[in-house]
Amino acid sequence: MRRFRAGWLVSSLLVPLASVVAGFLVGALAIVAAGADPLQAYGALFAGAFTNRNAFAETLVSTVPYVLLGLGLALGFRAGLFNIGAEGQFYIGALTGVFVGYSIHGLPLFIEIPAALLAGMAGGFAWAAIAGFLKAWTGAHEVITSIMLNYVAFLVANYLIDGANGKPGVMVAPNVSTPRTPDVDLGAMLPIIVPGSRLHLGLLLALIAVPLVWFLIERTTVGFRLRAVGFNQGTARAAGISVAQTIVLTMGISGALAGAAGIVQVLGLSHHMTDTVAAGYGFDAIAIALLARSNPWGVLPAALLFGALHNGAGFMQLETQVSSDLISIVQASLIIFVAAPAIVRWLLRLREQPVETVQITQREVETPVG
Amino acid sequence: GGTTGGTSSSCSKTFKVGQVTDIGKLSDKSFNFDANVGLKAAQSDPSLCVKGAVIESTSEDDYAKNIQTFLDQKYDMIVTVGFKLGDATLKAAQDNPGVKFAIVDYTYKTYPSNLAGLVFSEDQPGFLAGALAGLLTKTNVIGEVAGLESVPPVVHYVQGFENGAKFTNPKVHPLHIYQPESGAKDFNDPDWGKQQALTFIGQGADIIFGVGGNTGNGGLIGANEQGKMCVGVDVDQYLFFPELRRCFITSAEKLVHNGVKTAITNLVKGTWVSGTVSYNLKNNGVALGPYHDFDSKISASSKAKIKDIMTKLKDGSLSTGVTA
Amino acid sequence: MRANDGVDLAVEWGQVHALLGENGAGKSTLMNVVYGLVSPDSGEIDFDGNPVKIGGPQDAIRLGIGMVHQHFMLIPPLTVAENIVLGREIASAGVVNLDRSYRTVNDLSARYGLEVDPRQRVQDLSVGVQQRVEILKALYRGARLLILDEPTAVLTPQEIEGLFEIVRTLTAAGNAVIFITHKLAEVMEIADQITVMRRGQVVGVTTPAESKPADLARMMVGRPVLLRVEKQPAKPGSEVLRVDDLVVHDDRRQLAVDHVGLAVRAGEILGIAGVEGNGQNELVEAIVGLRPARSGKVLLEGKDITRRPTRDRLRRGVGLIPADRQRQGIILELPIADNLILSDYDRPPYERWLVRQFNTIRSAAERLVETFDIRIRSVDDPAGSLSGGNQQKLVVARELGTAPKVLVASQPTRGVDVGSIEFIHRRLVTERDAGLAVLLVSSELDEILSLADRVAVLYRGRIVAVLDAAEAEREHIGLLMAGAAA
Amino acid sequence: MTAFLQQLDPVSLVSIMLITATPLVLAALGGMMCERSGVVNIALEGIMLTGAFIGYFVAFLTQNLWLGLLAAIVSGMLIATLHAVLSVSFLVDQIVSGTVINILAVGVTGVFYRTYLETATTAGPGTLPHWNLPLLSSIPVLGPILFQNQLVTYAMLVLIFVVHFVLFNTVWGLRTRACGENPRAAETAGINVYFVRYVNVIASGALAGLGGAYFSLQQIGTFLPNMTGGRGFIALAAMIFGKWTPGGAFLASLLFTGSDQLGSRLQSVFQVHVPLQFLGMLPYVLTIVVVAGAMGRAIAPAAVGRPYKKT
Ligand SMILES: Nc1ncnc2c1ncn2[C@@H]1O[C@H](COP(=O)(O)OP(=O)(O)OP(=O)(O)O)[C@@H](O)[C@H]1O
Ligand SMILES: Nc1ncnc2c1ncn2[C@@H]1O[C@H](COP(=O)(O)OP(=O)(O)OP(=O)(O)O)[C@@H](O)[C@H]1O
Ligand SMILES: [Mg+2]
Ligand SMILES: [Mg+2]
């Protein structure tokens with residue numbers, strides 16, 4: 001029993017801790033190489049993420065979309081689907097959601113907010129379902145299609161908002177000089193939950209989403225279905241599970257979460273949409289889902305970590321004047337050590353657990369769907 | 001790297017000036033970069049006592065936050081770049097009347113007294129460069145490799161350039177291409193730009209106008225590689241691209257750095273001007289760059305023509321025909 | 001030579017050493033240790049009288065040890081020749097010389113009478129032929145000690161005879177063979193020495209002369225085993241499953257099931273005899289809806305289900321024991337409990353309002369584990385931690401547990417030890433007597449003969465004969481399976 | 001008609017298609033070596049970006065293009081080695097380690113560009129010379145398309161055949177494919193799966209690194225942040241689309257660059273006034289359509305993406 005306890009302590013506390021430390025250490029090397037003082041840099045990063053005025057609130061603001069995006073991708077991974085398309089689904093979700101948001105008027109917020117949210121999620125669902133449908137019925141590899149759909153989604157949003165050939169887009173706000181949609185109706189804006197900050201109700205939505213997604217995956221028959229398909233399509237099919245249907249459904253739900261991220265950003269922050277609303281979220285989302293080992297609960301700390309890094313980066317640059325890309329180096333070195341506990345075990349010369357394979361994307365490559 | 005320090009000891013008060021870029025970041029080789037040049041210029045000018053810093057925005061939700069970061073650090077002035085920051089800048093200016101704001105390439109209908117919108121008549125240098133191109137082209141075909149059509153300054157340059165070329169050479173056949181919107185590659189797809197230049201050259205073009213950050217620069221590289229002439233943009237690119245020197249006939253200059261430095265100077269000297277500040281040929285906010293290596297190859301009469309056009313544009317007796 | 005688990009095993013040159021043991025006894029693991037795939041925690045291996053260190057298969061191959069794994073170690077998209085020479089390629093300057101490879105393989109297969117086409121892709125081969133390729137692989141590497149892990153499961157009686165011939169020539173030439181099987185008759189016929197394992201330990205060393213099959217069975221399982229199935233003549237009831245003029249294609253769009261018609265009635269077992277790869281899998285998959293029927297009909301209790309989805313067919317009372325447990329039977333990564341209720345995961349009592357009912361699932365699973373004597377630590381362990389035989393028992397337990405109207409059982413006892421075979425067979429017979437209709441597909445002739453009430457022989461996708469099990473006799477069916485005209 | 005042809009300018013169209021396909025093909029070939037041995041390589045983008053940066057950085061410091069080219073390849077191999085160590089030795093999910101490398105590449109190149117290159121005013125060593133192959137280059141149509149190129153493009157054309165030969169004719173290729181289809185079987189045949197995977201992953205780094213040199217050393221003559229612009233992912237698509245074969249990947253890349261160039265010409269030369277966004281969509285939509293319709297299922301190497309663990 002004691003040895004079990006010790007093992008548990010090591011694997012669940014010491015190793016992750018050591019991983020983060022190791023990650024920051026490697027990041028420090030890069031900071032030095034970039035000609036800055038790591039202590040000053042990390043100090044500023046921390047202050048900018050947590051201790052400055054409103055910093056923690058801002059960190060949470062950045063965390064919200066990460067949580068929703070991370071959940072979406074994690075869910076896909078569990079079904080063996082590598083949904084690279086989060087960014088595109090983010091765009092479409094924001095687009096459909098904002099359309100409803102500025103089209104409805106004067107209804108109470110407990111109607112308008114859900115309406116806009118659902119519209120956004122529906123948009124994301126539909127967009128992701130395209131890739132799912134193509135995979136299920138033509139075998140088209142979702143990595144290709146979802147990458148391509150990202151570009152298409154951006155261009156759709158861009159066309160509807162920016163317009164083309166000098167003509168304004170159909171969704172552009174009248175009499176504003178910048179290409180953006182009208183503001184959503186007052187009742188559709190997510191209320192601020194920390195006065196004086198930008199932290200909005202989206203945080204609660206994200207926090208609710210985590211247990212919901214966990215429950216969906218681990219406790220419902222739908223979740224069982226998608227895990228079964230993720231592990232072994234042949235057996236799933238023989239057990240009467242429709243693999244094709246499951247793939248479309250899973251891609252859809254995954255996309256709905258990405259879409260939710262998009263519309264929540266709009267309803268909570270800018271209240272209107274531009275064609276760069278999703279810029280920069282796509283790959284962070286993948287990294288977060290992977291860091292979380294595709295586990296919904298894991299998404300929470302992973303998203304918080306990324307939110308803190310994202311948010312602290314500004315102040316770190318103000319203090320050090322090193323390129324904002326520095327944060328990517330820190331992110332990467334953190335992921336390496338967190339995703340590969342084996343390395344840390346090996347560094348710490350811990351022989352208890354053998355190197356275990358950490359298979360996060362349960363992709364079953366060999367059997368195509370039919 | 002960075003722009004910390006630089007203030008001389010004689011300063012009674014140090015003015016802290018922060019710049020917030022749009023998601024194009026400083027490496028856009030365009031207005032974010034030029035604005036930063038202006039900020040650095042102000043900083044290294046000992047008479048101004050300026051300490052500058054920049055924050056690059058990585059996603060559009062950062063705009064308001066990054067401005068706020070400077071405000072929390074009690075900065076005296078904040079320079080923002082591009083229409084994408086229009087809303088965030090206005091709101092911050094209204095909430096912080098004690099802090100001065102300047103936004104590049106953007107105007108408002110009404111301004112608070114602490115906000116200035118710096119705009120530039122890109123059509124004028126575009127027209128002049130086009131006029132020169134019209135005179136120098138032997139094939140009567142010229143090409144423009146441009147950035148996003150949704151960014152007004154780009155369109156002003158292109159239209160000015162084409163009108164100028166037609167003005168001096170009615171037979172000229174201008175070809176232009178705007179970079180398709182792509183998000184990640186906006187203003188930053190030099191290889192694409194280069195291939196477009198090659199396409200134009202395949203159509204007989206002998207002068208390429210690169211107008212669109214690194215995408216346009218790709219066009220210049222293509223022209224240089226094929227031994228054709230090229231026209232730079234925004235700054236005197238002859239100085240920034242030593243390896244392309246032999247192709248530059250001139251650059252259509254938009255002196256964002258001057259604009260930014262002037263705005264900062266106004267703050268320091270207590271001569272702050274709010275509202276729309278337009279820079280044009282009259283106040284040297286825009287200019288036609290030097291001919292450099294082509295100086296000898298351009299006939300006196302041509303130079304005279306250009307001078308004449310310039311004066312006409314200044315006194316308004318000639319219009320570029322571009323409606324901003 | 002010695003290996004761990006406190007196992008001692010001594011193999012003499014020139015002898016066939018049979019290794020028996022119940023499922024999960026550790027036979028494969030022990031052999032994997034000898035072949036360097038699994039590294040022993042303690043103990044040593046002596047070869048030719050001197051201790052050797054076998055760090056990996058390279059070492060084993062160098063020493064002249066060859067192993068034929070039951071789960072084939074072949075690379076489907078590669079050709080027969082490529083598979084055989086892989087690792088010891090015939091090449092000049094790093095470039096594979098295919099012609100010489102082909103010739104070498106041809107010579108080899110001629111020498112041992114193992115017929116293969118070196119140019120064919122392995123994925124296009126029947127399992128029996130794949131077995132030959134595996135053996136050729138070992139021989140090509142000049143194995144002096146040949147390990148065969150349950151090699152006869154997929155061979156026809158004729159092929160088994162052929163294999164035994166090879167084994168005899170090998171041993172006659174002074175080589176040694178370790179022969180793992182669950183079929184006692186084979187042991188009696190081929191073995192010189194016999195080692196019996198149970199729960200990772202050696203429980204007996206003997207020879208065919210010293211002990212009878214029943215004794216071996218008792219040693220393996222630890223209790224007396226009935227090797228023959230006790231059953232009354234069937235009392236067939238109404239027709240449950242009917243297949244009319246069915247045509248099915250395989251993955252390569254080749255005709256696999258060629259206008260097959262058959263009917264199974266309640267309370268009877270219809271056996272489909274045939275060498276694997278003659279359309280059995282396609283037929284089974286078409287019946288349960290995993291593969292479209294090009295033409296023809298599948299009827300369940302008179303209702304046409306040809307176009308119904310699999311889920312629907314299972315709901316209506318079709319049960320399936322697939323031939324390949326690891327590809328269609330279980331999900332190695334999921335807990336044993338989930339695997340035991342797989343086909344009912346989304347119906348009450350295992351589901352309420354889309355929510356899975358774990359207590360019900362666990363208790364149901366534990367019941368099945370109990371009744372079917374599956375050797376596990378906990379129903380929460382992944383199914384992948386079970387030995388092959390126990391994985392098989394898991395599938396059988398699940399399918400019989402759901403009380404179907406018709407059970408399509410494909411190779412139901414593959415890789416299962418005698419004790420479990422006895423058990424599974426008895427279960428099938430009792431269910432039959434309770435009115436279950438069973439379509440038994442098996443390449444084990446003995447199994448067909450001892451279980452089936454009627455026997456249909458499948459050859460090249462056609463049913464070449466249907467005989468009454470009573471007067472069907474072995475050699476005749478064996479010939480039919482091998483394609484001799486009926 | 002002739003006017004149309006003159007406007008279409010097919011020779012320059014095809015030659016531009018070929019040139020712009022260069023990094024796609026090289027990265028796709030790299031991904032192929034990698035995935036044929038059972039290791040997913042989603043890091044092609046990051047490796048190319050690194051190659052583009054290091055290649056130019058070294059060329060800039062030494063003022064020697066050839067050293068730069070070498071550095072691009074070597075840096076690609078180094079960063080690929082990180083991928084191998086993580087995913088082969090430490091059994092990290094291959095998608096994770098690939099993503100890490102992509103993020104890392106953006107960071108490292110961005111930061112060091114800012115620190116050491118952005119404000120540099122001295123000229124770089126320019127771009128790789130155009131080599132017009134004697135005689136060949138004067139063949140009418142083919143000459144300008146195939147035989148008036150720069151080194152990286154020539155290398156791409158040659159490597160298509162080399163990689164095909166290696167994968168399908170050599171001992172190494174046979175073992176590579178074996179490890180990608182069934183590593184356990186490969187091991188029982190006495191093959192060192194780890195070694196094979198390491199070498200292939202590193203080889204893919206060399207190829208993608210060379211692809212990076214295309215941008216900074218062959219086309220542009222300087223480094224610019226994110227100048228690879230996501231082409232690593234298009235290359236990934238081209239590889240899958242080409243069913244993990246060099247020839248297929250080559251054609252897939254041409255389809256992509258072709259539709260891209262066509263879109264541009266519609267605007268610039270034919271001055272068709274369809275919304276630019278739709279022109280921009282052309283290559284992506286076309287790829288989706290073809291992948292879904294014409295090609296159907298892409299059967300990846302069976303074991304790709306799965307860390308191999310000895311028992
Ligand atoms: N690589 C492995 N890792 C963990 N457990 C294993 C491994 N291989 C086998 N086992 C376990 O060791 C025990 C012995 O398995 P093994 O396959 O050797 O038994 P067996 O005698 O071959 O049984 P069968 O007759 O069913 O093949 C089984 O309980 C199995 O679950
Ligand atoms: N890595 C592993 N982890 C857990 N269990 C394993 C592992 N490898 C094998 N096993 C289990 O041990 C059993 C024996 O392994 P192996 O594949 O050698 O079986 P086998 O005896 O060759 O085939 P059969 O299933 O016919 O007995 C496997 O069926 C599998 O259930
Ligand atoms: Mg076994
Ligand atoms: Mg076994």
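Contacts of D/T245 classified as side-chain hydrogen bond (donor to acceptor under 3.5 Å, both in side chains), with partners at least two apart in sequence or in another chain: none.
Residues of residues 166-180 of chain D lying within less than 4.5 angstrom of chain C, judged on heavy atoms, are D/N169, D/T170, D/V171, D/L174, D/R175, D/R177, D/A178 in numerical order. Close approach to chain C, defined as a heavy atom under 4.5 Å from one of its heavy atoms, is seen in no residue of residues 41-48 of chain D. Scanning residues 94-101 of chain C against chain D with a 4.5 Å heavy-atom cutoff picks out C/G94, C/V95, C/V96, ordered by number.
Residues D/E181 and C/P77 come closest through the heavy atom pair CD-CG, 3.4 Å. Of all non-hydrogen atoms in D/A189 and C/R141, the two that sit nearest each other are CB-NH2, 3.5 Å.
Within a 6.0 Å sphere centred on CZ of D/F165, heavy atoms belonging to other residues, nucleotides or ligands number more than 12.
At distances below 3.5 Å, at least one donor-acceptor pair connects side-chain atoms of D/N182 with backbone N or O atoms of C/L74.
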message: Before you tell me yes or no, could you show the steps for D/T188 and C/M67 under side chain to side chain contact (heavy atoms under 4.5 Å, CB included), namely the whole-Å CA-CA distance, both residues' side-chain angles and the distance that decides it to 0.1 Å?
response: CA-CA 8 Å; D/T188 60; C/M67 179 164 176; over 6 Å; no
